[in-house]
Amino acid sequence: MSLADQPSDHRSVLNRAGEGQPRHDWTAEEARALFEAPFNDLVFAAQTAHRKHFDANEVQVSTLLSIKTGACPEDCAYCPQSARYDTGLEKEKLMDVSLVLAQAKAAKEKGATRFCMGAAYRSPTDKHLDRIVEMIRGVRELGMESCATLGMVNREQADRMAEAGLDYYNHNIDTSEDFYGDIITTRTFQDRLDTLANVRDAGLNVCCGGIVGMGEEKGHRADMLRTLANLETHPESVPINQLVQVPGTPLDGEEPVHPVEFVRTIAAARLMMPASHVRLSAGRTDMSEETQTLCFLAGANSIFYGDKLLTTENPEADRDRALFQRLGIRPEKVERVEERREGCGNAESADGPGHAAAS
Ligand code: SAM
Ligand code: DTB
Ligand code: SF4
């Protein structure tokens, strides 16, 4: 055991992490200490780190659209879109560009600043990518940030999307390397890291996180976040999804994660990647407003907004507007989009994505 692997007292880990300095040398013990720390100490440290980089009352708002639905050859055990499971989902071919842009425009009018296009592919064909590149250009022309999640991409594909002006590419590691094989067998953990490297090398912002509630243990959650935090550059956006259980998928009926453990995962992500946006992602429909509030307190500062995720429900837009109002949360301003594009938004710049510390 090296010195770095010695068990750490949670207090020293929290004190250091609360300073909000991005680090890439997290030990397994340090990451696990966050999951064992007293909850109040953990959330206090996470909120402290959060305020070093962000306005604590501002939340980034993205809207998702499934641009190609179902019939996926992969076997991700959580996913309603895998062709291997009978989930009753209606499959849909790749949408026309004009329909996608009409939805992007509607999302913008409702207040979203980022539009995320998701497709149920193992990896996109170059022919499909031609059409997706047009969608990316169109979303950008609307003045929104664009994000795509299309499965595995090679360097050339990532370059094409970067040239079209794509802002973010989402590709999740989903869970820890150890637990990964229990969830997905059709592509490896290393395949995912390779796609992330292609996306990063093409100059795109990386959106990468995972799912909580798939039967994993705390240690797996800690290890998943450690993999992300120890990347050379932290993902600019870290979605933490709570499993949405869908009848017909192998994970339907899994013991749901306790809300406190979910909030812990958000707090740990905030502490381990303090300058990144942490997204309280899928699963909010099954979450109380009190749990969501704790997530914001623990440092979540991004959500999916709009009545639908990809194929499952999301809280109604009206409810989210009411929740924001009750909490005094403002959607992150459109100007931040331009600031990030001009390069002030490097997640590891001294004062974080595009702005100074909170008041
Ligand atoms: N097919 C592409 C891929 O796998 O990269 C893109 C779309 S896929 C639906 C994007 C991510 O959504 C997955 O990696 C997973 O983290 C998340 N996801 C899918 N189904 C989910 C579910 N039932 N509950 C929570 N998250 C889910
Ligand atoms: C992410 O981490 N979560 C989003 C997005 N990235 C693509 C997807 C959630 C999907 C939830 C299940 C569904 O609606 O199909
Ligand atoms: Fe396919 Fe993506 Fe669903 Fe896996 S998560 S089955 S790759 S759509």
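Computation of the quantities below employed the complete heavy-atom set of this structure, encompassing side-chain atoms and omitting hydrogens, waters and symmetry-equivalent molecules.
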Identify the two heavy atoms, one from [X] and one from [Y], that lie closest to each other, and give their separation to 0.1 Å.
{"X": "Asn198", "Y": "Ala158", "answer": "O-CB, 3.6 Å"}
{"X": "Leu166", "Y": "Ala148", "answer": "CD1-N, 3.8 Å"}
{"X": "Thr69", "Y": "Ala120", "answer": "C-CB, 4.4 Å"}
{"X": "Asp320", "Y": "Phe304", "answer": "OD2-O, 4.2 Å"}

Could you check whether any side-chain heavy atom of [X] comes within less than 4.5 Å of a side-chain heavy atom of [Y], counting everything from C-beta outward?
{"X": "Tyr168", "Y": "Val206", "result": "no"}
{"X": "Val212", "Y": "Leu243", "result": "no"}
{"X": "Arg131", "Y": "Val97", "result": "yes"}
{"X": "Glu216", "Y": "Arg221", "result": "yes"}

So, [X] and [Y]: side-chain donor and acceptor under 3.5 Å apart, yes or no?
{"X": "Gln60", "Y": "Ser302", "result": "yes"}
{"X": "Asn301", "Y": "Arg270", "result": "yes"}
{"X": "Asn170", "Y": "Thr149", "result": "yes"}
{"X": "Arg200", "Y": "Tyr169", "result": "no"}
{"X": "Asp191", "Y": "Thr188", "result": "yes"}
{"X": "Asp286", "Y": "Gln242", "result": "no"}
{"X": "Thr186", "Y": "Asp75", "result": "yes"}

* Asked: Same cluster or not: are Leu94 and Leu310 linked, directly or through other Ile, Leu, Val, Met, Phe, Trp or Tyr residues, by side-chain heavy atoms under 4.5 angstrom apart?
  ->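 The answer is no; the residues belong to distinct hydrophobic clusters.
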* Does Val43 belong to the same Ile/Leu/Val/Met/Phe/Trp/Tyr cluster as Phe262, with side-chain heavy atoms less than 4.5 Å apart forming each link? ->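 Shared cluster, no.
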* Asked: Roughly how far, to the nearest 0.5 Å, is CG of Asn314 from CG of Asp307?
  ->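 Taking CG in Asp307 and CG in Asn314, the distance rounds to 7.5 Å.
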* **Quiz item: cation-pi between Arg264 and Phe39, 6.0 Å / 45°** =>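 Arg264 over Phe39 ring: no.
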Judged by atom type as modelled, is there a donor-acceptor pair below 3.5 Å linking the side chain of [X] to the main-chain atoms of [Y]?
{"X": "Thr195", "Y": "Arg192", "answer": "no"}
{"X": "His277", "Y": "Ser237", "answer": "no"}
{"X": "Asp174", "Y": "Ile211", "answer": "no"}
{"X": "Lys68", "Y": "Gly118", "answer": "no"}

Heavy-atom count around [X] [atom1] within 6.0 Å, excluding the residue itself: above 12?
{"X": "Asp25", "atom1": "CG", "result": "yes"}
{"X": "Lys105", "atom1": "NZ", "result": "no"}
{"X": "Arg321", "atom1": "CZ", "result": "yes"}
{"X": "Gln190", "atom1": "CD", "result": "yes"}
{"X": "Phe189", "atom1": "CZ", "result": "yes"}
{"X": "Arg319", "atom1": "CZ", "result": "no"}
{"X": "Glu177", "atom1": "CD", "result": "no"}

